[in-house]
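The next block holds one structure in the form of structure tokens; read it before the comments.
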Amino acid sequence: MDHKKVRVRFAPSPTGGLHLGGVRTVLFNYLFARHHRGEFVLRIEDTDQTRYVPGAEEYIIECLRWCGLEADEGPHKGGPFAPYRQSERKALYRQYAEQLVQSGHAYYAFDTPEELEAMREVEKARGNHSPQYNHSIRRSMRNSLTLEAEEVKALLEKGAPYVIRINMPENGEVQFTDMIRGTVSFQTNTVDDKVLLKADGMPTYHLAVVVDDYLMKISHAFRGEEWLPSAPVHILLWKYLGWEKEMPQWAHLPLILKPDGNGKLSKRDGDRLGFPVYAMNWTDPKTNELTKGFRENGFLPEAFVNMLVMLGWSKGTDQEIFSMEELIEAFSIEKVHKGGAKFDYIKAKWFNHQYIQKTDNVRLAELFQPVLKEKGIAFDATYVSTIAGLVKERCHLVNEIWDHGFFFFIRPDKYDLDAVKPKWNTDKQTFFEEWINVLSGLEDFTFAPIEDSFKQLTAAKGIKPGELQLPFRIMLCGGKFGPPVFTIAETLGREETVERMKLALAAFA
RNA sequence: GCCGCGUUGGUCAAUCGGCUAAGACGCCUCCCUUUCACGGAGGAAUGACGGGUUCGACUCCCGUACGCGGUACCA
């Protein structure tokens, strides 16, 4: 690797929520930058004004913050290469497009959308499956290659709308080395004359990435595999603009695929299969439609990130759980796979489960509080964190603390009578009535004394302890679940325990 | 259609010519526990296909098949 300072960038288009795959692209950029002690830039590619979605940029920034993948430079914090929004850099691009026209690598095209459409119709009728504005077509279109110089000048002067298109060479090969895929090559006549500058004066992605990557001194450009087919356009632009020596090294990341079938994972798949695809909840400002996010679904950001990094990258050992520091240390772009990976929500939850076990109960309780609030239940932080500690080993999502510990917050509203009734008798009834008295007078209402008194009384009554533990559990929880039953009693406290026993006894009879 | 990129168990994946093909998730059996879970011990399950190259190929090369991506004045 050369000695150029490592600078990478994540360049999303602010059109909606941030997809899993987007976060993974951020992650790989971030890890690469940190590993090489370089810089990570956030650049907003909002060149398509018709697709602007309010709030999307703020959402993206918040996602990065939540994931712990914050950029060093960006629209939210500035930096030496500001502005970082392409819409605010609009004036910059035109000169480069003009420069390309001057050097013959681009040209003005005056074709109207209708003319373009007509051309496509004609071509399709002739059996051309997907007509491209390319070397063979451009000769019959209205552009500065076919029109007389005076006519072009006249059109320009009278303000006729036009775009600037790249002039793809007819016979040539573009070759480059992708850090993940090795040598990739294209025949130039198979790629069309992409629009570089739109009629509204905004650049297209193709021009903007190249110009901004150059201006922002980007050393390595990572993006999704879907960009591979347009790579030759970008490579040629670097060359035509005379910046070839500064061109970043490319890496096209594999796609994240849907769990069933094939194809790129989409928001729709999440809705269909019941799991989040976006990092955080996203509400479409137009339709008000809410798309669920990993964060609100009870994922810890460390787990989310760890799960994502394993989708397409492997250290080469059997280690699967990595701290951010370990990832920064171990990450290398060469170990990123070529093939796409299917997203597995079950495995994703397994990662989260691992992290929940390692997470401090106080933090877990804080993350769980919103669930209680939503239910209109208030408990003090210490109590909630005790519960979190008691049930976390069976939680794959933070929100599941409720599913596994709701009875710590509310009395059971129904009992698993099928598990009690068949074996219920007056001896058991009597046992519990007497034990209530014992418990009421117990000096120290904690695990050991509770268990001791239980054992003493079962022995005295000649009933097997096991016969009574399950009913006791059902009295307190309502069903066959939860942590050790004497722990539940201790946690609930004497009053609540006794009260629940009385209530249950009435229901069991 | 054309162009490009891929292809190891159901899924994530290791292997960079020596494989009796790791490990993880999930699944199944058992142990622990008179709840569930955690934990522990086992088990089933993999190199798309066909040709080369080689003493030897999952690994390299070439075809084929299949999949995906692209084919916009969207990114």
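Small disclaimer: the values here were computed from a predicted structure and weren't measured. In what follows, every chain begins at residue 1, and chains take the letters A, B, ... in the order their sequences are listed.
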Where the side chain of [X] is concerned, which of [options] is the nearest nucleotide?
X        : options                : answer
A:Arg473 : B:rA14, B:rU35, B:rG69 : B:rU35
A:Pro113 : B:rA24, B:rC73, B:rU34 : B:rC73
A:Val195 : B:rA24, B:rG69, B:rC73 : B:rC73
A:Asn262 : B:rG67, B:rA14, B:rC74 : B:rG67
A:Lys264 : B:rG69, B:rA24, B:rG26 : B:rG69
A:Ala341 : B:rC25, B:rC5, B:rA13  : B:rA13
A:Leu116 : B:rG4, B:rA72, B:rC73  : B:rC73
A:Ser314 : B:rC73, B:rA14, B:rA24 : B:rA14
A:Leu255 : B:rC73, B:rA24, B:rG69 : B:rG69
A:Glu45  : B:rG4, B:rA75, B:rA13  : B:rA75

Could you check whether [X] gets within reach of a base, just the sugar-phosphate, or nothing at all, counting any heavy atom under 4.0 Å?
X        : result
A:Lys315 : nothing
A:Gly482 : base
A:Pro483 : base
A:Pro484 : base
A:Val184 : sugar-phosphate
A:Ser130 : base
A:Pro254 : nothing
A:Leu197 : nothing
A:Ile474 : nothing
A:Gly312 : sugar-phosphate
A:Asn128 : nothing

Under 4.0 Å between a side-chain N/O of [X] and OP1 or OP2 of [N], yes or no?
X        : N      : value
A:Lys198 : B:rC74 : yes
A:Thr47  : B:rA75 : yes
A:Arg51  : B:rA75 : no
A:Arg120 : B:rC73 : yes
A:Lys338 : B:rC16 : no
A:His337 : B:rA13 : yes
A:His129 : B:rC3  : no

Just how far, in rounded Å, is [atom2] of [N] from [atom1] of [X]?
X        : N      : atom1 : atom2 : answer
A:Tyr345 : B:rG26 : OH    : C1'   : 15 Å
A:Glu123 : B:rU71 : CD    : P     : 18 Å
A:Lys349 : B:rG26 : NZ    : C1'   : 12 Å
A:Asp178 : B:rC5  : CG    : P     : 10 Å
A:Lys347 : B:rG9  : NZ    : P     : 15 Å
A:Phe322 : B:rA24 : CZ    : P     : 14 Å
A:Arg181 : B:rU7  : CZ    : P     : 9 Å

Once hydrogens and angles are ignored, does a donor-acceptor distance under 3.5 Å link the base of B:rA72 to the side chain of A:Lys194?
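No.
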For a quick check, tell me whether the side chain of A:Ser230 and the base of B:rG70 share a donor-acceptor pair closer than 3.5 Å.
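Result: no qualifying N/O pair found.
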Run through A:Asn352, A:Leu300, A:Val398 and flag the one making a side chain to side chain contact (heavy atoms under 4.5 Å, CB included) with A:Thr359.
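So the option named by the test is A:Leu300.
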Nucleotide paired to [N] in any strand shown, Watson-Crick or G-U, under 3.5 Å:
N      : answer
B:rA21 : none
B:rG63 : B:rC49
B:rA57 : none
B:rU71 : B:rG1
B:rC38 : none

Suppose you measure atom [atom1] in [N] against the same atom in [M]; what distance do you get, rounded to whole Å?
N      : M      : atom1 : answer
B:rA22 : B:rA13 : C1'   : 10 Å
B:rC5  : B:rG18 : C1'   : 31 Å
B:rC62 : B:rG9  : C1'   : 28 Å
B:rU64 : B:rU7  : C1'   : 13 Å
B:rU8  : B:rC58 : C1'   : 7 Å
B:rG43 : B:rA48 : P     : 25 Å
B:rG47 : B:rG10 : P     : 8 Å
B:rG50 : B:rG42 : C1'   : 39 Å

When you measure from the centre of the six-membered ring of A:Trp424, is the NZ or CZ of A:Lys421 closer than 6.0 Å and no more than 45° off the axis?
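No, cation not above the ring by the 6.0 Å, 45° rule.
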Charged tip of A:Lys428 within 45° of A:Phe431 ring normal and under 6.0 Å
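No, A:Lys428 does not sit over the ring of A:Phe431.
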Classify the ring geometry between [X] and [Y] as parallel (under 30°), tilted (30 to 60°) or perpendicular (over 60°).
X        : Y        : value
A:Phe447 : A:Phe486 : perpendicular
A:Trp402 : A:Phe409 : parallel
A:Tyr205 : A:Trp227 : parallel
A:Tyr162 : A:Phe110 : tilted

Taking atom NZ of A:Lys342 as the centre, does the number of heavy atoms from other residues, nucleotides or ligands within less than 6.0 Å exceed 12?
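For A:Lys342, atom NZ is crowded (more than 12 foreign heavy atoms under 6.0 Å).
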Test A:Tyr93 against A:Asp212 for side-chain hydrogen bond (donor to acceptor under 3.5 Å, both in side chains), laying out the working first.
CA-CA 9 Å; A:Tyr93 306 104; A:Asp212 284 339; 2.6 Å; yes
From CA spacing to verdict: side-chain hydrogen bond (donor to acceptor under 3.5 Å, both in side chains), A:Asp178, A:His252
CA-CA 7 Å; A:Asp178 185 282; A:His252 291 88; 2.7 Å; yes
